[in-house]
Amino acid sequence: MGKELISELRNGVRVMSIEARYLYSANKMEDENRRSIPIKSGVGYDTSKYWNNDNEKKKVPDKLYTVKIPYSLCLEKMYELNSEEFKEDDYSIQYTDMIINVSFKGSAKREKVLKSGKQAKTKFIIKNYGKGKNEFGSLKKVNRLDVELKRKELREYIYEHGFYLNGEKYVYFMRSTSKSRGGNMLFIKQKYFYDLLMKWGRLGIVFAQDENIDIAGIKSYESLVLSGICGKVQIKPEEILLINDYESVFTKMASVTKTNKNGRLDVNDEEHKYHNAIWDGESLMDSSKYKEFIEFDGVSEKNALCGKSFVLLRNLWFKSAAFSFDIQRYFEDHNIQLKDLRKNGWTIATDIKQIKLITTPNSLKILKLKKFIDNKYENKKDGQLRSMFEYWLNYIEDNSYFGVVKSEHGIRDKARRCNAQILMALPLSRTDIRMLLNEGEFPYMYAMRNDEDMFLMHIGSRKSSNNTMISELSAFVPGFTRTDMFTSFKNNTLNDYKNNWKKEGIKIPNSDFCVCVSNPIEMIQYACGISPSKWTRVHDDREVYCKYYDEGQELIAARNPCVSSGNILCVKNKYHKLLDYMQLSDNIIVVNSIKSDIMERASGMD
């Protein structure tokens, strides 16, 4: 069952989600002064009441196991530690109690006691049951309650003391990005916490209790391995080249907002100094690796990874957007030697043919903790950085499979919906909006209204029970398209489609979402030891390249999500022969960040 279960876990695993206030109430006792004291053993919060009878088929209680953790490198590690913690009910639902999700929606309360020491009188409340026509209410007698701990205090208490659940002690573990947005946190059984998982998650680095550290940063970076993945790719330590980050510093006119001496905001056009980290979170990965992905069936990332131009990689303290590049072909064509790579970077490779990934310190978050390990190269300028890089390489030797979070996606008709944020950021008049509608939406609606085949194709591409029923009736019942039922359905569908413009925006022909890659040709040249003054420049200022568009075509680009009119910029499409070393799809756009304000205009392009 082990291999079958780990395969099923790739669709995610269900875990319990419980409110902190209920855990707190079940994990405390009071002294003679009504002060709460955490219990040191016992059952704690008991979940047995949620499960069905033993003589029935075992089913995971939906009210308790409400959170689904996606398949990740961390989930894989947990299964490796103890596969018996992962179970399956009689309905083939995978679940685990190894970790649980704790939410902080309300404060902790207790029964109200008067100054005389007597319990306050009970009160009656109306409790509603059912929904719609079946809804009814009844009076319920409840105790009066006082707030014992506010949400912030409750959070601090649970973080510090943990809790018991079904007789097992749980402690604070990690926070996934999706759960932390709602203030939720993950807790884990104490027996797996430090010696097994946290030691692995922190690469064996131990922090002293009185040490001054960036807790928020550490918790954020150590949880990168919790990101859901749709595949994996093996990158061995000797295949990685780390190069220095490069910052483009220049001065340019900008609209600058400052606070004046009266505390009011002034906006003036003036010279502003820009600092662009042009390869922030960016890597180049050899195109051969794009044929070696281990892809998972059934996960949300439906499109195949092989043949893509970009993947978002995750590993221990590593997060990077890796773009497909013929690294080895470039080395051969330009007669690059291993000694050249060591001018601006570090690698443990013994042969230049081993290099398959070029990355920068901005992608390797563990470098922020370089002061916590011994410096093996004290006599060298970047000795501490190099020491930590080699420490990380040594640690990932047994963790050389990098998780693939996502890749670029396009749409067939190349007519992406332009949402209201972008439309409001553009200086468009009513005439301009009508012109945009005439370009795409109006002809499409006209075709649906007057061409039955076009309408049936439209509803066929949008799966729903009503659409399927109408499509099948139209196919098997002669004359059905001339009935009142079909006409009414068609009119309602067209009205819904038009009303949907307000929610999702209007389609713009020849538009799509693209992933930006900043100065990749300059990156490979820098990796080869070429100084910036000798770089062969591919683009200047706001020149870009996307293979879908024509050479020299002027384009309007907008950051997504678009938060202001400053996120809109005009660019020009320009090809260069050096870009042939990249395996570019229609949804990758090469941009220039050197002496260009494109990063500021796109809010950091993050």
Side-chain angles (χ1 to χ4, degrees), residues 302-303 307-310 406-463 467 490-491 493-517 539 542-575 579 584-591 598 601-602 605:
K302 296 176 183 178
N303 293 0
K308 291 290 184 178
S309 301
F310 144 83
K406 62 181 177 180
S407 61
E408 83 275 13
H409 292 308
I411 50 177
R412 292 181 181 178
D413 59 358
K414 286 296 177 184
R416 184 70 71 170
R417 288 194 178 277
C418 185
N419 57 47
Q421 290 176 315
I422 296 175
L423 290 174
M424 288 190 291
L426 290 166
L428 299 175
S429 63
R430 292 174 66 90
T431 304
D432 295 328
I433 294 291
R434 181 168 287 276
M435 183 185 70
L436 287 175
L437 289 169
N438 285 331
E439 288 289 323
E441 294 290 17
F442 283 167
Y444 186 74
M445 281 198 66
Y446 181 82
M448 282 198 293
R449 184 176 293 278
N450 295 283
D451 187 337
E452 289 179 0
D453 292 335
M454 185 69 180
F455 178 76
L456 292 173
M457 185 175 68
H458 170 80
I459 63 174
S461 64
R462 289 157 175 78
K463 299 298 180 184
N467 287 352
K490 183 177 180 180
N491 290 335
T493 301
L494 291 173
N495 286 332
D496 290 342
Y497 183 82
K498 185 171 67 174
N499 292 332
N500 202 41
W501 294 348
K502 299 175 183 178
K503 297 178 183 178
E504 297 183 7
I506 61 175
K507 284 189 174 183
I508 306 294
N510 295 319
S511 67
D512 205 351
F513 291 130
C514 292
V515 180
C516 295
V517 51
H539 293 138
R542 292 188 185 172
E543 292 175 336
V544 302
Y545 178 67
C546 179
K547 64 178 285 188
Y548 175 75
Y549 297 101
D550 297 331
E551 170 71 11
Q553 189 173 358
E554 292 188 345
L555 307 167
I556 295 177
R559 180 186 185 272
N560 187 56
C562 181
V563 296
S564 71
S565 57
N567 288 152
I568 307 291
L569 65 157
C570 297
V571 295
K572 186 176 182 180
N573 204 44
K574 181 185 176 183
Y575 166 79
L579 293 171
L584 297 173
S585 69
D586 289 347
N587 293 91
I588 303 294
I589 183 167
V590 181
V591 302
I598 189 169
R601 297 280 295 188
M605 206 169 283

List for me each residue that meets side chain to side chain contact (heavy atoms under 4.5 Å, CB included) alongside [X], sequence neighbours excluded, and say none if there are none.
X	answer
S511	R416, I508
S461	none
P427	none

Side-chain contact test, heavy atoms from C-beta onward, threshold under 4.5 Å: evaluate it for [X] versus [Y] and give yes or no.
X	Y	value
L579	V590	yes
F310	I588	yes
C562	I568	yes
N450	F455	no
T431	M435	no
N419	I506	no
N573	C546	yes

Just to verify, what does [X] make a salt bridge (Lys or Arg N to Asp or Glu O under 4.0 Å) with, not counting sequence neighbours?
X	value
K574	E543
R601	none
K507	D413

Got more than 12 heavy atoms from elsewhere within 6.0 Å of [atom1], [X]?
X	atom1	value
F442	CZ	yes
I556	CD1	no
K572	NZ	no

**Report entry** Sequence neighbours excluded - salt bridge (charged side-chain N to carboxylate O under 4.0 Å, His left out) pairs with any residue from residues 440-457
**Finding:**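 Passing the test, one end in residues 440-457: R417-E441.
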Query raised in the report: Which residue pairs pass the salt bridge (charged side-chain N to carboxylate O under 4.0 Å, His left out) test when at least one of the two sits in residues 544-557, sequence neighbours left out?
Result: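 Found none.
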Report task. Mind jotting down which residue pairs meet the ring-ring contact (aromatic ring centres under 6.0 Å, His included) criterion with at least one end in residues 411-437? Sequence neighbours excluded, please. Result ->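 Listed by first then second residue: nothing to list.
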Requested in this report: List the steps and the verdict of side-chain contact (heavy atoms from CB on, under 4.5 Å) for K414 and N587.
Outcome: CA-CA 10 Å; K414 286 296 177 184; N587 293 91; 3.5 Å; yes
Looking at every heavy atom in both [X] and [Y], which two are closest together, and how far apart are they?
X	Y	value
C516	V591	SG-CG1, 4.2 Å
A415	P509	CB-CA, 4.2 Å
P443	L437	CD-O, 3.6 Å

Query raised in the report: Run the side-chain contact (heavy atoms from CB on, under 4.5 Å) check on I589 and Y545 step by step: do they pass?
Result: CA-CA 6 Å; I589 183 167; Y545 178 67; over 6 Å; no
Flag, side chain of [X] to backbone of [Y], donor-acceptor distance under 3.5 Å:
X	Y	answer
S309	S585	yes
E408	K308	no
Y549	N510	yes
N467	K463	no

Query raised in the report: Atom CE of M424 and atom OG of S564: how far apart are they, to the nearest 0.5 Å?
Result: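 Separation between the atoms: 11.5 Å.
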Query raised in the report: Hey, what do you get for NE2 (H409) to CG (D512), rounding to the nearest 0.5 Å?
Result: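 So the gap between those two atoms works out to 11.5 Å.
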Query - Partner residues of N500 under the side-chain hydrogen bond (donor to acceptor under 3.5 Å, both in side chains) criterion, sequence neighbours left out - result: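 Scan of N500 (side-chain hydrogen bond (donor to acceptor under 3.5 Å, both in side chains), adjacent residues dropped) gives E504.
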Query raised in the report: Could you walk me through whether L423 and L436 pass the side-chain contact (heavy atoms from CB on, under 4.5 Å) check?
Result: CA-CA 10 Å; L423 290 174; L436 287 175; 4.3 Å; yes
Requested in this report: State which residues pass ring-ring contact (aromatic ring centres under 6.0 Å, His included) with Y444; sequence neighbours excluded, sorted by chain then number.
Outcome: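 Once residues adjacent in sequence are excluded, the partners of Y444 under the ring-ring contact (aromatic ring centres under 6.0 Å, His included) criterion are H458, Y497.
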**Report entry** All ring-ring contact (aromatic ring centres under 6.0 Å, His included) counterparts of Y548, not counting sequence neighbours
**Finding:**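 Checked Y548 against ring-ring contact (aromatic ring centres under 6.0 Å, His included); zero matches.
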Query raised in the report: Can S429 and D432 be counted as having a side-chain donor-acceptor contact under 3.5 angstrom?
Result: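 A donor-acceptor contact under 3.5 Å links the two side chains.
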